[in-house]
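First up is the structure itself, then whatever we jot down about it.
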Amino acid sequence: ELKVEQNPLFLSMQEGKNYTIYCNYSTTSDRLYWYRQDPGKSLESLFVLLSNGAVKQEGRLMASLDTKARLSTLHITAAVHDLSATYFCAVDLSIQGAQKLVFGQGTRLTINP
Amino acid sequence: DGGITQSPKYLFRKEGQNVTLSCEQNLNHDAMYWYRQDPGQGLRLIYYSQIVNDFQKGDIAEGYSVSREKKESFPLTVTSAQKNPTAFYLCASTSVAPNYGYTFGSGTRLTVV
C-alpha cells in the first residue's frame, strides 16, 4: 500500500523567510503532483514532476523530485502572505493498469506579516 | 472551455436519506475519480473508473455507490449506510494515456441536518 507523508503538517512563518515542505512516499512512482488549496475551495495544480531530478519553479515556489529517495520538496523563497494556504503532494500510482492519485495529509502554511 | 462540473455546490442530507452528487466532464478523459475530504484532512479515494461500465472501490467505498454509464458522467450516491457523510467531495478526471495530469471539479459540500 502506498503511503504519502508530508512534513511539517503545520507551518507558521514570517514574511520574507524561506522554508521547505517535504513529501516522502513508500512505493516507486515517476509522477508526483503539488497542489494548493485555499479554505473552502478545490485544488489548484501547482507542479507536475514527471521524472527523477525534475525541478520546476513558479514565482516564489520551487518543486523537485528525487525518485530514488522517494522524496519531493516544495521550497518557498521569501514568503509573502498570499502564499498562505494548504499544500498537498500527491503520487500517481499504477495498479493492474489502473491509475490513481494518493495524497499526503497536507501542510497548512500560515505566513505572518 | 473544457472542464469538470460538479453539482450542487452545497447539499444537505437528512438522516436515512440517499443523495446523489453529480460530476460531468467534457475533456474526453477516460478515467474519473471521487475523493472525500474531511476538515483539516487530506483527500481519500472513494471510487474510481477507468472506462465506461467499469469502476473500482477506493479506500473508503463503504456507504457509497457509483455508476459510469457514459464517459462524461460519474455520479456518486451517498447512501443511508454512510453514517458520517458530512464532508467536502471532489471529483477528478484524467486521460489514461498519455497522462497530462488530473483535473479537479470545484467540489460539493455535503452536510447532514
Side-chain angles (χ1 to χ4, degrees), chain A residues 1-11 21 23-25 27 29-51 54 56 58 63 65 85-110, chain B residues 3-7 9-10 21 23 25 27 29-51 54-61 66 68 74 87-111:
Chain A
E1 180 187 346
L2 173 62
K3 292 189 184 299
V4 182
E5 296 185 343
Q6 289 181 234
N7 76 83
L9 300 183
F10 298 93
L11 179 55
I21 300 170
C23 175
N24 290 90
Y25 54 98
T27 302
S29 174
D30 289 332
R31 194 185 301 265
L32 188 140
Y33 302 82
W34 283 97
Y35 294 94
R36 168 182 171 144
Q37 187 179 38
D38 292 300
K41 303 293 186 181
S42 184
L43 301 181
E44 174 189 351
S45 180
L46 295 175
F47 300 108
V48 181
L49 302 170
L50 300 177
S51 61
K56 291 197 173 180
E58 181 71 34
L65 178 62
T86 299
Y87 293 85
F88 291 96
C89 65
V91 176
D92 212 346
L93 182 65
S94 292
I95 296 180
Q96 297 176 339
Q99 282 176 269
K100 59 180 182 177
L101 268 183
V102 180
F103 283 83
Q105 314 96 307
T107 297
R108 186 177 297 181
L109 174 63
T110 303
Chain B
I4 293 185
T5 301
Q6 287 188 243
S7 62
K9 188 172 182 178
Y10 300 96
L21 284 60
C23 178
Q25 54 99 358
L27 300 163
H29 282 173
D30 305 293
M32 298 186 73
Y33 306 80
W34 276 105
Y35 287 89
R36 168 179 171 145
Q37 186 179 31
D38 292 285
Q41 305 287 320
L43 280 73
R44 294 182 291 169
L45 183 63
I46 305 172
Y47 268 99
Y48 59 108
S49 168
Q50 303 287 297
I51 57 173
D54 189 39
F55 47 83
Q56 291 78 38
K57 293 182 179 179
D59 302 315
I60 55 166
V66 293
R68 187 86 188 275
F74 192 41
F88 188 49
Y89 292 86
L90 283 166
C91 179
S93 70
T94 189
S95 57
V96 173
N99 187 318
Y100 294 124
Y102 292 77
T103 302
F104 282 84
S106 57
T108 293
R109 189 165 302 279
L110 174 61
T111 304

Report summary line: So, the part of B:L90 with a heavy atom under 4.5 Å from chain A: the answer is side chain
Query - Residue pair B:L43, A:L43: steps toward the side-chain contact (heavy atoms from CB on, under 4.5 Å) verdict - result: CA-CA 10 Å; B:L43 280 73; A:L43 301 181; 3.8 Å; yes
Query raised in the report: Can you find a pair of side-chain heavy atoms, one from B:Y35 and one from A:L101, that are under 4.5 Å apart?
Result: yes
Query raised in the report: Do side-chain atoms of A:S42 reach the backbone of B:G105 as a donor and acceptor pair under 3.5 angstrom?
Result: yes
Report summary line: Applying a strict 4.5 Å limit to non-hydrogen atoms, the region of B:Q50 in contact with chain A is side chain
Query raised in the report: From A:Q99 CD over to B:Y102 OH, what is the distance, rounded to the nearest 0.5 angstrom?
Result: 4.5 Å
Requested in this report: May I ask you to decide if A:A98's main-chain N or O and B:Y48's side chain share a donor-acceptor pair within less than 3.5 Å?
Outcome: no
Report task. Let me know if A:E44 has heavy atoms under 4.5 Å from chain B in its side chain, its backbone, both or neither. Result -> neither
**Report entry** Residues that B:L27 engages under side chain to side chain contact (heavy atoms under 4.5 Å, CB included), provided they are two or more places apart
**Finding:** B:I4, B:Q25, B:H29, B:S93, B:T103
Query - Any side-chain heavy-atom pair of B:Q37 and A:F88 under 4.5 Å - result: yes
Query - B:R44, part contacting chain A, at a heavy-atom distance under 4.5 Å - result: neither
Query raised in the report: Does A:D38 have any side chain to side chain contact (heavy atoms under 4.5 Å, CB included) partners at least two apart in sequence or in another chain, and if so, which?
Result: A:R36, A:K41, A:A85
